[in-house]
**Student:** 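Got a structure for you, questions after.
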Amino acid sequence: MKQLSFLPNQHLSCGGSLNNTRQQCRTLSSKRPIHLVLKSKASVNLFKNRLLIKHLISKHAGRFGVKIYASSVQRDHVHLAAKIPCRSAYLKFIRTITGILARKMGAGLWKYRPFTHIATWGREFRNLLDYLFRNDMEVFKVWRFQRSRAGPT
């Protein structure tokens, strides 16, 4: 039996459509990259305002010390690959971004709480960056989405 089996399981994802209770503390890391997803309602098209969204994200990321590695604005959600300096900086950053975008695009913009997943450096981080790049290529219609043939249909 491995000794790691004695340690409690780490919950690396939180928020979004996962049914996490609000009493649970959001899992964050200041040493590892975070995949952050902001999901809006289907009636709002975020892609039309992508330049405004990217400008606000970069402006407030610098203000709160959040490092943004990549971002992708889709029709109904925003992906970010980021590294936060501390929990309070994350809270200030996410409150500012979601609040300003809700004011600019109308109340009730967000469908779920922000989804976060802690990634690891190396392969998982490169896969995250590739995923965001592919999302951008699909939204600009450079590439077309194709379901993997190896996976289930």
Side-chain angles (χ1 to χ4, degrees), residues 4 7-143 145 148:
L4 290 178
L7 297 175
N9 291 339
Q10 293 181 352
H11 300 286
L12 299 179
S13 298
C14 185
S17 62
L18 299 175
N19 291 324
N20 300 104
T21 61
R22 288 189 182 255
Q23 290 81 20
Q24 178 183 352
C25 188
R26 180 176 295 272
T27 307
L28 293 174
S29 174
S30 61
K31 297 182 185 201
R32 292 167 56 185
I34 293 175
H35 180 200
L36 176 67
V37 181
L38 303 171
K39 177 91 169 138
S40 75
K41 294 189 175 172
S43 60
V44 179
N45 191 349
L46 296 176
F47 187 70
K48 290 180 182 177
N49 299 312
R50 71 185 175 281
L51 296 177
L52 170 70
I53 293 170
K54 287 197 175 219
H55 171 72
L56 286 173
I57 288 171
S58 64
K59 175 183 171 185
H60 292 289
R63 180 177 166 197
F64 297 117
V66 176
K67 182 165 173 70
I68 304 293
Y69 294 106
S71 64
S72 175
V73 179
Q74 304 296 310
R75 188 176 174 279
D76 64 344
H77 60 281
V78 178
H79 288 279
L80 295 173
K83 183 171 180 271
I84 59 169
C86 61
R87 180 177 292 276
S88 64
Y90 166 79
L91 291 173
K92 291 174 186 175
F93 173 71
I94 209 67
R95 284 177 185 157
T96 304
I97 292 300
T98 55
I100 290 174
L101 289 175
R103 269 189 289 166
K104 299 260 184 198
M105 295 180 206
L109 173 68
W110 304 113
K111 185 173 185 177
Y112 298 116
R113 296 172 60 207
F115 170 81
T116 56
H117 174 77
I118 299 174
T120 58
W121 293 110
R123 179 181 291 167
E124 192 175 357
F125 180 64
R126 283 192 307 272
N127 288 343
L128 173 60
L129 295 181
D130 288 344
Y131 175 71
L132 296 183
F133 179 72
R134 276 186 275 128
N135 273 349
D136 273 344
M137 293 299 107
E138 289 169 8
V139 80
F140 285 112
K141 298 184 177 158
V142 175
W143 291 343
F145 173 75
S148 173

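We use all heavy atoms of the structure for the numbers below, so side chains are in, but hydrogens, waters and symmetry mates are not.
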**Student:** Answer yes or no: is there a side-chain heavy-atom contact under 4.5 Å between M105 and N49?
**Tutor:**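 Yes, their side chains come closer than 4.5 Å.
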
**Student:** Could you walk me through whether E124 and N127 pass the side chain to side chain contact (heavy atoms under 4.5 Å, CB included) test, one step at a time?
**Tutor:** CA-CA 5 Å; E124 192 175 357; N127 288 343; 5.6 Å; no

**Student:** Using the test side chain to side chain contact (heavy atoms under 4.5 Å, CB included), find all partners of S29 that sit at least two apart in sequence or belong to another chain.
**Tutor:**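 Only K31, R32, I118 meet the side chain to side chain contact (heavy atoms under 4.5 Å, CB included) criterion with S29.
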
**Student:** Could you grab the distance from atom CG of L38 to atom OH of Y112, nearest 0.5 Å is fine?
**Tutor:**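 Going from CG on L38 over to OH on Y112, the span is 14.0 Å.
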
**Student:** Nearest 0.5 Å, what's the CD1-OG distance between I53 and S58?
**Tutor:**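 That separation rounds to 12.0 Å.
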
**Student:** Calculate, to the nearest 0.5 Å, the distance between atoms CG and CD1 belonging to L80 and I94 respectively.
**Tutor:**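 CD1 of I94 is found 7.0 Å from CG of L80.
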
**Student:** Rounded to the nearest 0.5 Å, how far does CZ of R123 lie from CG of L128?
**Tutor:**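 So the CG of L128 and the CZ of R123 are separated by 14.5 Å.
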
**Student:** Taking the side chain as everything from C-beta on, heavy atoms only, tell me whether I57 gets closer than 4.5 Å to V78.
**Tutor:**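 Sidechains of V78 and I57: in contact.
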
**Student:** For P85 and S30, which heavy atoms make the closest approach, and how far apart are they?
**Tutor:**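 That would be O-CB, 3.3 Å.
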
**Student:** Side chains of L101 and L46: does their closest heavy-atom pair fall under 4.5 Å?
**Tutor:**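 Side-chain contact under 4.5 Å: no.
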
**Student:** Name the orientation class of the two ring planes belonging to H35 and F115 (parallel below 30°, tilted from 30 to 60°, perpendicular beyond 60°).
**Tutor:**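 H35 and F115: perpendicular rings.
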
**Student:** Show me the donor-acceptor pairs within less than 3.5 Å that the side chains of residues 61-76 make with the rest of the protein, sequence neighbours left out.
**Tutor:**
from	atom 1	to	atom 2	distance (Å)
R63	NH1	H60	ND1	3.4
S71	OG	K54	NZ	3.4
S72	OG	Q74	NE2	2.5
S72	OG	D136	OD1	3.0
Q74	NE2	N135	O	3.4
D76	OD2	K39	NZ	2.6

**Student:** Locate the shortest heavy-atom distance separating P33 from W121; write the atom from each residue and the value.
**Tutor:**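 It is CD-CE2, 3.4 Å.
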
**Student:** Can you tell me which residue pairs pass the side-chain hydrogen bond (donor to acceptor under 3.5 Å, both in side chains) test with a partner in residues 94-104, sequence neighbours excluded?
**Tutor:**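 Residue pairs with at least one partner in residues 94-104: there are none.
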
**Student:** Could you grab the distance from atom CG of L51 to atom CG of L56, nearest 0.5 Å is fine?
**Tutor:**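 CG of L56 is found 11.0 Å from CG of L51.
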
**Student:** I want to check a possible cation-pi pair here: R134 against Y131, using under 6.0 Å from ring centre and within 45° of the ring axis as the test.
**Tutor:**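 Negative - R134 is either too far from the ring of Y131 or too far off its axis.
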
